[in-house]
2 protein chains.
Amino acid sequence: MQAEIRLTPTSYIVLGLIDARGEATPYELKAIVAAGLGNLWSVQHAQLYSEPERLAGAGYLEEEREETGRRRKRYALTREGRAALRDWVGEPTGALSELRDLGLLKLFFGADPATLATTQLEAHRAQLARYEAQRDALRLAGTAGGAVLTLEAGIGHEREYIRFWSRLAKGG
Amino acid sequence: MQAEIRLTPTSYIVLGLIDARGEATPYELKAIVAAGLGNLWSVQHAQLYSEPERLAGAGYLEEEREETGRRRKRYALTREGRAALRDWVGEPTGALSELRDLGLLKLFFGADPATLATTQLEAHRAQLARYEAQRDALRLAGTAGGAVLTLEAGIGHEREYIRFWSRLAKGG
DNA sequence: CCTATCATGTAATCCGTTACATGATTAT
DNA sequence: ATAATCATGTAACGGATTACATGATAGG
């Protein structure tokens, strides 16, 4: 018990999601990730089973097993888990993400810009439409906060890539 | 020999870099990645030793061991390796990268926008300056092609994030 | 010379992905 | 009823990161 573990972004996603709704089963986490967070930072469903177990073993979550039916495991934050989450959220980070974009990687290695741009433009436009629809839905529901802000970041991101690939599509 | 392996982005990075210079040792690959490609898609140096071995085992690279001194391994593409690289580069992708940005993740989970924005702005401005310096250097050298284009993508990317975080810094 | 840093590489660990498996529910 | 799909979970594998290790080179 209380094994020392390293907390990864995945750890904080699990902590953050469980905290937001008080308690959750892995399957519920899966649904939440699919519903929105996934386009910012996706998590494989298998990890939503293994990661809570790891976190429980280290004292950040407490685990309660349903006695009937599927005997699901439900998790909730411990005091220690809440503290870890709060510290992490409160500590600003200067870390930058790499671009890690497959299309750009191919471009780097010599792919034909115009051809690639056609395919990429289509994908980015579709993603932009999805983000805008999600944001509008949240706004209609009167939601504010981080979820809306990150969607707006995603929208700006997509618009920028649409500008970039548009230029290449036109041979610019 | 000729084990079936899955080719990952890392695989194509190794193939692409070795192809570009004819042949290379892992240590040289490390230097090339550090010199530029790394801000698009970084690779840990240990992988620049293990991945070529994997690729050689599957027939994509041929390995030659220096007989003197450090007995370094030098790798070059085989016909099969060149074909795999060409196919991959030539196949346009509609894959989109996730944002996977730590700052946005904290924002999602409720970090204070203005505080976070200060730190993020500083980092993005520094990164923008690095990209612009690299691009200018390449232009002065008369270089064109994928490396310049991806740098321009990076510059656009940084500018967009600077816009985003600037708005939050001002409480917008 | 001695020490610090760079060059070069291997080993161990762990996280994340993929594959597998089975009970429940809905549709035909 | 039977097939198909959804809900729920575990196991195995492999790639990526981290840690460890040692020989060379340069600075003091």
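Numbers restart at 1 for each chain; the letters A, B, ... are given by sequence-line order, proteins then strands.
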Euclidean distance, atom [atom1] of residue [X] to atom [atom2] of [N] [Å, nearest integer]:
X: Glu28(B); N: dT8(C); atom1: CD; atom2: P; answer: 8 Å
X: Gln47(A); N: dT18(C); atom1: CD; atom2: P; answer: 11 Å
X: Tyr49(A); N: dC15(C); atom1: OH; atom2: P; answer: 20 Å
X: Gln44(A); N: dA16(D); atom1: CD; atom2: C1'; answer: 15 Å
X: Glu63(B); N: dG9(C); atom1: CD; atom2: P; answer: 11 Å
X: Lys30(B); N: dA7(C); atom1: NZ; atom2: P; answer: 7 Å
X: Tyr27(A); N: dG9(D); atom1: OH; atom2: P; answer: 10 Å
X: Leu48(B); N: dT17(D); atom1: CG; atom2: P; answer: 11 Å

Between Ala46(B) and Arg54(B), whichever has its closest DNA chain D nucleotide further toward 5' is Arg54(B)
Nearest-nucleotide comparison on DNA chain D, the residue closer to the 5′ end among Ser42(B) and His45(A) | His45(A)
Does a side-chain N-to-carboxylate-O contact under 4.0 Å join Glu91(A) and Lys106(B)?
-> no
Presence of salt bridge, Glu152(A) and Arg167(B), under 4.0 angstrom = yes
Can you name the side chain to side chain contact (heavy atoms under 4.5 Å, CB included) partners of Ala114(B), sequence neighbours left out?
-> Asp112(B)
Sort out for me which residue in Glu53(B), Glu23(B), Glu64(B) forms a salt bridge (charged side-chain N to carboxylate O under 4.0 Å, His left out) with Lys73(B).
-> Glu53(B)
Glu122(B) atom CD, neighbour heavy-atom count above 12 within 6.0 Å | no
Kindly compute the distance separating NE2 (His124(B)) from CZ (Arg163(B)), expressed to the nearest 0.5 Å.
-> 12.0 Å
Here the residues of residues 7-24 of chain A within 4.0 Å heavy-atom distance, strictly under, of DNA chain C are Thr10(A)
Please list, chain by chain and in numerical order, all residues satisfying salt bridge (charged side-chain N to carboxylate O under 4.0 Å, His left out) with Arg130(A), sequence neighbours excluded.
-> none
Mapping Arg6(B) and Ile5(A) onto DNA chain C by nearest heavy atom, which one lands closer to the 5' end?
-> Ile5(A)
